[in-house]
Number of protein chains: 2
Amino acid sequence: MIRVSIEDVAAKAGVSVPTVSRVISHSSHPVSDTTRQKVLQAVAALDYRPDISAQGLRSSFTNIVALITRDISDPYFGEIARGVTETANKYGILSFVCNTGRNPENEIEYHELLWQYRVKGIILGGGGLTLDSYKKELSSQVERYRKNGNKVVALAPQGLDMDYVMIDNRAAGECITNYLIQKGHEKIAYISGPQNVYTALERLEGYRLAMGRHGLDNGDLMIAYSDNSWKGGYEAVKALLECSPEFTGICCGNDNIAMGVFRALKEHGLTVPGNVSVISIGDLPNASYADTPLTTLRVPLYELGSKAVEIIMGSDTNKYNANIIFRTALRERDSVSRLK
Amino acid sequence: MIRVSIEDVAAKAGVSVPTVSRVISHSSHPVSDTTRQKVLQAVAALDYRPDISAQGLRSSFTNIVALITRDISDPYFGEIARGVTETANKYGILSFVCNTGRNPENEIEYHELLWQYRVKGIILGGGGLTLDSYKKELSSQVERYRKNGNKVVALAPQGLDMDYVMIDNRAAGECITNYLIQKGHEKIAYISGPQNVYTALERLEGYRLAMGRHGLDNGDLMIAYSDNSWKGGYEAVKALLECSPEFTGICCGNDNIAMGVFRALKEHGLTVPGNVSVISIGDLPNASYADTPLTTLRVPLYELGSKAVEIIMGSDTNKYNANIIFRTALRERDSVSRLK
DNA sequence: CATAATAAGGAAAACGATTTCCTTATTATG
DNA sequence: CATAATAAGGAAATCGTTTTCCTTATTATG
């Protein structure tokens with residue numbers, strides 16, 4: 001017998017098929033303790049596991065969660081994905097990781113697939129759709145999920161009414177900017193993520209706020225955009241050095257950008273933190289092993305992914321009750337120095 | 001009508017349900033061209049997509065491929081995962097990414113889950129099982145897959161008889177070592193990946209071979225093991241510098257190790273490539289933006305993952321016909337200098 | 001031309017679970 | 001004590017496909 005089915009378990013336990021189903025799926029239909037024990041023993045003896053396809057077909061949900069991200073090979077999303085997959089695994093279920101590659105059309109297509117696969121929950125990790133297209137295209141998808149009973153959780157503000165798990169990105173941008181200001185810096189540049197990514201814009205907004213509050217915003221803030229990669233950070237700083245090289249500090253939208261910034265500064269003969277202080281947001285696992293150990297604001301990426309799965313698995317209501325803001329914490333290392 | 005089923009399509013096309021099934025699942029049962037067109041039009045008109053659960057239940061395979069890796073947040077595996085997910089997506093199917101976190105027990109548990117989910121194909125990307133435990137535990141799993149008709153492809157030599165897609169790791173280790181030797185280095189250390197990872201050992205073997213062939217192996221080769229991470233590379237070099245600091249070149253098992261090596265050397269006041277030359281295997285996307293642009297042997301990670309999916313999707317035979325060795329290519333950048 | 005082989009399609013069974021509905025025994029309620 | 005409510009379990013329907021089996025019309029074959 002290569003596949004053991006619920007029928008085999010029922011036969012072995014000497015009960016009917018529905019009774020087995022009630023035990024293993026934690027149904028509300030009552031089952032006596034003695035019967036339950038018999039079933040559980042049979043399950044253990046046969047090493048039975050319910051067939052996901054059959055379950056999905058009848059109950060209209062498969063025990064699968066899906067994570068939508070821009071790029072799985074970016075450790076930033078990798079950490080989130082790790083939190084998602086490992087937590088899903090703890091629940092005994094599997095997870096899809098969907099890569100949009102920053103292409104909004106892919107995200108729409110993924111939603112079609114996820115619908116087709118009857119996944120239980122969807123985690124919107126930032127597929128790359130801009131706010132506007134989200135509101136048009138995605139909202140109908142989300143509406144469909146909601147009507148159908150699928151659980152949708154966002155890891156980034158989507159401008160849509162739904163459960164979310166995230167950090168306060170504006171506060172994060174403010175925090176790292178304030179830190180440089182406290183250290184005596186006034187000429188502070190900001191290398192942001194893409195202009196169509198909500199998270200990036202919020203962090204940038206925090207920088208603007210902090211600079212303004214300290215009277216440092218004279219309408220000539222040094223801001224460059226990148227694609228959240230090493231390369232992007234490198235190129236942004238190169239460009240910045242061409243036109244306005246007078247900064248003493250750089251705030252980076254995330255750790256990847258900071259790594260590229262290091263490289264660009266080194267090429268120009270500038271040292272960190274000797275000539276320029278660098279700070280960023282993320283605290284990826286390797287931040288302390290960077291060329292100069294990176295001072296950065298820790299974002300609990302793993303925990304974000306993990307919590308999102310818990311929301312999907314734990315809550316059986318349709319109410320939007322999970323709005324969780326995770327705390328961040330500044331990790332002071334060696335990439336920032338006091339000015340003068 | 002929230003979900004459109006095959007019955008709706010059949011009704012719209014004016015044919016029977018099995019006929020629709022034959023068209024969409026490319027059955028060998030003949031269907032006339034006119035009928036086929038009618039069906040395809042109805043499918044398009046209703047935006048119909050077959051239900052994966054129903055398909056899986058009846059046909060005993062779900063259109064899902066699974067990738068087993070050690071750590072998805074490591075860009076090395078991230079690149080492979082990207083190749084897998086994007087290629088799967090091209091085929092209109094989804095993929096599971098399974099993270100063992102270097103814990104062999106997890107890999108066994110994953111195989112149970114994958115069996116339960118009736119996945120079509122499994123890609124063994126190196127879950128962290130040592131060769132011995134593989135031969136004992138995994139071989140029975142693989143045997144079960146094979147009997148059942150699932151397709152299994154390995155990305156690393158597993159010591160088992162199965163399809164594989166990989167690079168010649170021994171040649172890779174040899175290649176980078178030879179390169180340093182050609183550049184005049186003789187005191188060359190090697191920082192390897194873990195001792196229970198087949199790939200790592202093969203690369204190390206290549207180093208030993210190259211050193212021996214050039215009469216550089218006097219039984220005192222400087223070898224340290226790490227866990228393939230920045231941190232691991234950092235700590236391995238720190239340890240090496242304590243006992244035998246006389247090397248002028250370091251070969252690294254992969255790019256992550258090299259990044260940690262950079263950091264450790266810098267802490268000791270050693271420059272790259274001024275005091276020490278560093279070379280590695282991998283060529284991750286950020287290798288050219290490292291502190292010193294990294295000379296490294298390119299491994300086509302994305303292509304490895306991509307090809308594995310193509311094997312799963314393309315071949316319907318049970319024969320082990322796909323044994324593909326991908327080519328590598330040395331990327332000369334700035335981390336190696338000629339000695340004297 | 002008679003007959004076998006093939007093409008084209010449909011009816012019904014099957015996959016393995018969950019769900020609905022029903023029955024019987026037990027407990028609560030006035 | 002009679003009756004309603006609940007507990008506990010089983011029979012059968014169901015989910016949406018694929019597969020098997022069957023029928024009929026058409027084409028090949030000697």
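Scope of the values below: all heavy atoms of this structure, side chains included, with no hydrogens, waters or symmetry mates. Just so it is clear: chains get the letters A, B, ... in the order the sequence lines come, proteins before strands, and each one is counted from 1.
Residue-level contact check: S60(A) touches neither bases nor backbone, having no heavy atom under 4.0 Å from any strand.
Direction change of the helix axis from one end of the helix from dC1(C)-dG30(D) to dG30(C)-dC1(D) to the other is 30°, with five pairs defining each end axis (rounded to 10°).
N99(A) places a side-chain N or O within donor-acceptor distance of the main-chain N or O of I72(A), the cut-off being under 3.5 Å. Side-chain atoms of T87(B) do not come within 3.5 Å of backbone N or O of G305(B) as any donor-acceptor pair. R146(B) contributes no side-chain N or O that, together with a main-chain N or O of V152(B), makes up a donor-acceptor pair within less than 3.5 Å. Using a distance-only test at 3.5 Å, with no hydrogens or angles considered, a donor-acceptor pair links the side chain of Q116(A) to the main chain of P50(B).
Remark: K307(B) engages E310(B) in a salt bridge (Lys or Arg N to Asp or Glu O under 4.0 Å) (not counting sequence neighbours). By the salt bridge (Lys or Arg N to Asp or Glu O under 4.0 Å) test, E7(A) pairs with no residue at all, sequence neighbours left out.
The footprint of chain B on DNA chain C, defined by a heavy-atom cutoff below 4.0 Å, extends from dA7(C) to dG16(C).
Each side chain to side chain donor-acceptor pair (under 3.5 Å) pair with one or both residues in residues 42-53 of chain A, not counting sequence neighbours, appears once here: R49(A)-E109(B), D51(A)-R118(B).
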Going through the checks in order, is the side chain to side chain contact (heavy atoms under 4.5 Å, CB included) test met by F77(B) and V97(B)?
CA-CA 10 Å; F77(B) 292 109; V97(B) 178; over 6 Å; no
Let me have a per-nucleotide readout for nucleotides 11-18 of chain D, 5' to 3', with B, S or -, counting only protein heavy atoms under 4.0 Å.
BBBBBBBB
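Contact check for D74(B) versus T69(B): no side-chain heavy atoms found under the 4.5 Å cut-off.
Of the charged side-chain nitrogens involved, none lies within less than 4.0 Å of a carboxylate oxygen, so that E107(A) and R70(A) do not count as a salt-bridged pair.
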